[in-house]
Each structure stands twice: as structure tokens, then as C-alpha cells.
Amino acid sequence: MSTDAAPTGPATPATPATRATPAISVTSVVVRLKLALLRNGLRQSSGRRAAYVASLVVVLLFAALQLIGLIALRGNTHAMNVTVLLTAVLALGWAVMPLFFPGGDETLDPTRLVMLPLRPRPLVRALMVASLVGIGPLFTLCLLIGSVVATAHGAAAYVTGVAAIVLGLLVCVALARAVATANLRLLTSRKGRDLAVLSGLVIAVGAQVVNFGAQKLGTSGLSSLDPVADVLRWVPPASALGAVDSVSEGSYAVGAGQLALSALVLVGLLSYWQRALTRLMTSPDDSTLGAAEPTRDKAGRSAGLRRLLPAGRTGTVMERSLRYVWRDPKTKTAWVTSLGIGLIVPVFNALQGTGSIYFACFAAGMLGIQMYNQFGQDTSAFWMVAMTISSTRDAYVELRGRALALLLITLPYATLVTVLTTALLGDWPALPEVLGLSFALLGAMLATGAWSSARFPYSIPQEGYKSAAPGQAGLAWLSVFGGMVSAALLCAPVIALTIWLNVSADGENWTWLLLPLGTAYGALLTLAGLHLAAPRTARHLPEILTAVSKG
């Protein structure tokens, strides 16, 4: 009997390899991945959970207040002006935030998925949906809902408002993702991270602009926004909110056109994002091609800079200090902040009509602070400088070169801010005395800064946002604020002379003398401060080196 007879029992079930595999949605996987990463990140420490909860509560409270305020505008003839402008500002914020905070949402970094077999279109859709999970989209959604409630009148307007909310939110998110993806290689490089240095300046300028705008609105009312709103209502995504107002007034064709414009921009952003994503995930990293420049080009630029500086050690110290300003993140942050605030305070006060021309001295004061803790700015690299200082003369030349490098930027900057403030206020006769005061203040701060650098040196950590190493915060406060008080006292003679000339009968005819007198007085103070600081620097070099290398 043959043993090859076919079996007569029931058919065997299909093996797992032969079963149909259900399709897995990339979108759901990416969203679950983001939620899992967020949840696991919050589990790492109670401090992180507390910070997240606190930020969520603050954002929700602010969003609720904004929502109530927008609803209160309902029925106001100028409500559309506010909602359109608010939507435009939201879109601008979504566009620029990735440039200043590229690491704000690491879960949406597409380069982490570069080794996976994913097609661009499903990946764009998945990242788009995942981008809608977070505090930012929730805040934006609340403001868009409030804007629709404030402007919609009638059933057709509310239906249009639903579409406007969806389009507005999607355009904001797509804009942020497209900007971040297109600049991801740059933002994750060393030079790209320097963009974050500007965030403090942007926030400071933005706060002053908002303050200035609020004051103007308080005096002229919401009607002053009419010209701006007439333009913005055709700029996506604000055009989607403009469509709600148009439909409320019965202009259905205009509203449809405004909605179509926002939809067209959304399609364009998604298309651009997809192309940028494809290019990012398939092309080599060329963010460091600039480092491959021919050495002779870099040497030529360096030689060109040296030709503009004095010869010898003074020029070398100036070049090193200027390179620190350009290359070192901490030093660059301090300089950018000082430059920004030194301009914002006098100029915005002048624009508001509440400022004084003497506010221009703020520019010289802010930049004069950079002279303090000169050796601490070098951090642990100061030991190489210390090896070249063997006498009081070496210490004096070192300090003089640092002061001249600071003057190379500060003198023209302080002059520019003073002239600009004078032009805004129209008080040209006071220009010489204010320049004289600025130069005297700058000289006093250079003098006290040089002495304070030798007497109260402290270390500046390279990582994080701390400006002093642990245990040296009191020393830092004493160095900066003690030096500033001393500088103000040193300027007392020039201040007293200014007051006397302005209150005396014929003194206004002689206020021009304050420019040469203030300049000479500031120069003498600087030289005196350098000569006083040099011997101490030479004698206490080991202590200074230990202090600036701490931590």
C-alpha cells in the first residue's frame, strides 16, 4: 500500500506567513510615538512635570482671557480689525519660533526617521497631525474660535467660521513645519544655533512694539487699525477670518475668494514642505561646506582685519576680543542684548513722546558693562593669556587692547543712538552735551570695569543660561553693580557741570563745551583705570586664573 495517499482530515489552517497583513497607518503610529515620548519625558522627573503643568495652566488661563475678550468684542464695528490682526500675528509667531527655538519639539525632527522606508506624502500627513498635538495648537485654536465668535453673524457666517478655524490652524502649523524643515540642517549646526541669540532681542523689540501699539490704540481707538486690516484681510491665514466678516455682511463671493486664497496657500505650503522633506532625507548634509573654504581665503580675511588694527600686542588683543564677540555664544548673547536694549530704551521712549534726550546715555551704559569681568569671559582659556603676562606693562597692554576693541564698537554705536534720539525729539541744541555725557560715562565704565576685572573676577559657565559659576553669584553682583555705582560717582563732575550750564542764565550758550570736556574726561578716566588695574592684574594673576576657571 502506498504511503503517499492524501490525507482525508480537515484542511490545515494557513500559516501566519500566508495571512493578509493589515495596513498600518503611519499617522497613528507617529501620533502615538509623540504621545509616548511626551509621557516618558514627564516621568523622568517631578521638576519636568511641574514645569509642564505650570506652563499648560498659564497658557490655558491666558487663552481663556483672550477668548473672553474676543467674545466681548462681538457687536463692535471694529471687531474684524482685531481678529484679522491677531491671526496675522499668530501666523508670524508660528513662522519665526522654529528659527529661534529649533529644539523646541524634538519629536517632530524628520531626520530621526531618515532610515525608515517612508514615503514623503504619508510622512507629511503624519507629521502634520502630530504637530496638532501640543500646547501651541491648543492656544491657537482658542484664539481662532474667539475670533470667529466675535465676527460671525448668521448661520452662513458660522459655517464659514468652522472652515476658517480649520484653515487658520492648518496654515499656521504647516508654515512652522515648512520653515523648520527647510532650515533644519542650518539650525542644528553651530552657526544655526547662534540664531537663538537673537531671541532675547526679538522678544524685547516685540514687547516695545506691543506697548507702543497699545498706547496708540488707547488714544485713537480701534478705528486706527482700519488701513492695516484692509490689507491683512487678504493675507492668508488672516484672509480666512476676513471671509467670516465678508459672509456676515452678505458678500458671499468675496468670502469664498478669501477662503480659497487661504486654502491655496495651505496647499502650496504642504507641497513645499514635502519637497523640502524629500531633499532633507535624501541629500547629504552640506551644512558644513563653508568649513571647506580654501585656507588662503580665510587667511586673507584675517590679514585684512589685522591691517586695520594697531601693530604688536595691542592689535592682537583687539583681534582676539573681536573674534570672541563674533564666535563665542555667551559673549555674542551679551553683546546682542546690550546693543538691542541700548537702542530700544531711548528710541521707543522718544517715539512715545515720553522720553528725554538724556536716555541716549543708556546706549553707552549698556555697552560699558561689557568691560566688566574681562578675564572671566575667556573662561578656562585665560591660562594661555596668563602665560604671556609677566609684568605690569604686559597687563596694561592686555587691558588696553580689550578696552580699544570695545571702543571700536561702542563709540560709533553710542553716537548713532544719540543722533537718532535727538532727531526723533527734535532737540538738536542738546546733542553736544548728551554726547559729552555719554563719552564721559563710557570712560568711567571702562575704568571701573578694568579695575573690577582684576579685583572681582568670576567664572562664566559655557553651558546653560547662568552668568556666574555656583558660589560666585554674589561676586558677580558686586563686580557689576558696584562698578556701575562707582562709574556714576566718577561722572558726577560732568553731570554737575551739565546741570549748572542748563540752569544758569547764559549757560545754554556754552553747553557745546561739554562735548570736548566730556570726551577728554572720559579718556582720562579710562587711562587712570587701566593704570590702576594693571599692577593688580600682574600681581594676582594666579588668583585670577583660579577664579575664572572655577566650575
Side-chain angles (χ1 to χ4, degrees), residues 338 341-350 353-372 399-400 403-404 406-407 410-453 455-456 477-533:
S338 296
I341 297 178
L343 176 67
I344 289 170
V345 170
V347 168
F348 273 84
N349 278 280
T354 59
S356 168
I357 191 173
Y358 295 102
F359 280 3
C361 297
F362 206 81
M366 287 301 300
L367 292 187
I369 295 176
Q370 303 306 317
M371 188 63 187
Y372 292 85
L399 288 169
R400 184 181 64 184
L404 288 175
L406 192 146
L407 285 172
T410 305
L411 280 178
Y413 177 78
T415 304
L416 176 63
V417 172
T418 305
V419 171
L420 181 58
T421 306
T422 304
L424 292 173
L425 294 174
D427 193 6
W428 291 105
L431 177 61
E433 61 181 281
V434 177
L435 274 177
L437 275 174
S438 295
F439 294 158
L441 175 62
L442 180 59
M445 297 196 74
L446 289 178
T448 56
W451 187 84
S452 178
S453 296
R455 180 64 181 83
F456 303 110
W477 281 87
L478 181 63
S479 171
V480 176
F481 286 95
M484 292 172 64
V485 172
S486 301
L489 293 175
L490 289 175
C491 287
V494 180
I495 296 174
L497 180 60
T498 303
I499 296 174
W500 181 76
L501 289 176
N502 280 277
V503 300
S504 61
D506 299 328
E508 292 184 357
N509 298 326
W510 299 97
T511 54
W512 62 270
L513 287 174
L514 287 170
L515 178 55
L517 289 176
T519 304
Y521 185 71
L524 290 175
L525 287 179
T526 301
L527 291 175
L530 294 177
H531 281 288
L532 288 174

Got a list of side-chain donor-acceptor pairs under 3.5 Å for residues 423-434, not counting sequence neighbours?
from, atom 1, to, atom 2, distance (Å)
E433, OE1, Y358, OH, 2.6
E433, OE1, N502, ND2, 3.2

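- Separation of atoms OG1 (T526) and CZ (R400) is listed at 13.0 Å; rounding is to 0.5 Å.
- In this structure, the separation between CG on L404 and CG on L530 is 8.5 Å, given to the nearest 0.5 Å.
- Atom CZ in F359 sits 13.5 Å away from atom OG1 in T418 (nearest 0.5 Å).
- Across all their heavy atoms, C491 and A440 have their closest contact at SG-O, 3.6 Å.
- Side-chain contact check for V417 versus Y413: some heavy-atom pair is nearer than 4.5 Å.
- Side-chain atoms of I369 and M484, non-hydrogen and from C-beta on, do get closer than 4.5 Å to each other.
- A447 and L525 get closest at one heavy-atom pair: CB-O, 3.0 Å.
- Between L442 and L407 the shortest side-chain heavy-atom distance falls below 4.5 Å.
- A363 approaches A414 most closely through the heavy-atom pair CB-CA, 4.4 Å.
- L437 places a side-chain heavy atom less than 4.5 Å from the side chain of V494.
- Rounded to the nearest 0.5 Å, atoms CG (L446) and OH (Y372) are 8.5 Å apart.
- For the atom pair CG (L420) and OG1 (T415), the distance works out to 12.5 Å, reported to the nearest 0.5 Å.
- Of all the heavy atoms in M445 and A364, the pair that sits closest is SD-O, 4.4 Å.
- The closest side-chain heavy-atom distance from T448 to S452 is not below 4.5 Å.
- In terms of heavy atoms, S453 sits closest to M371 at OG-O, 3.2 Å.
- The line from CZ of F362 to CG of N349 is 9.5 Å long, rounded to the nearest 0.5 Å.
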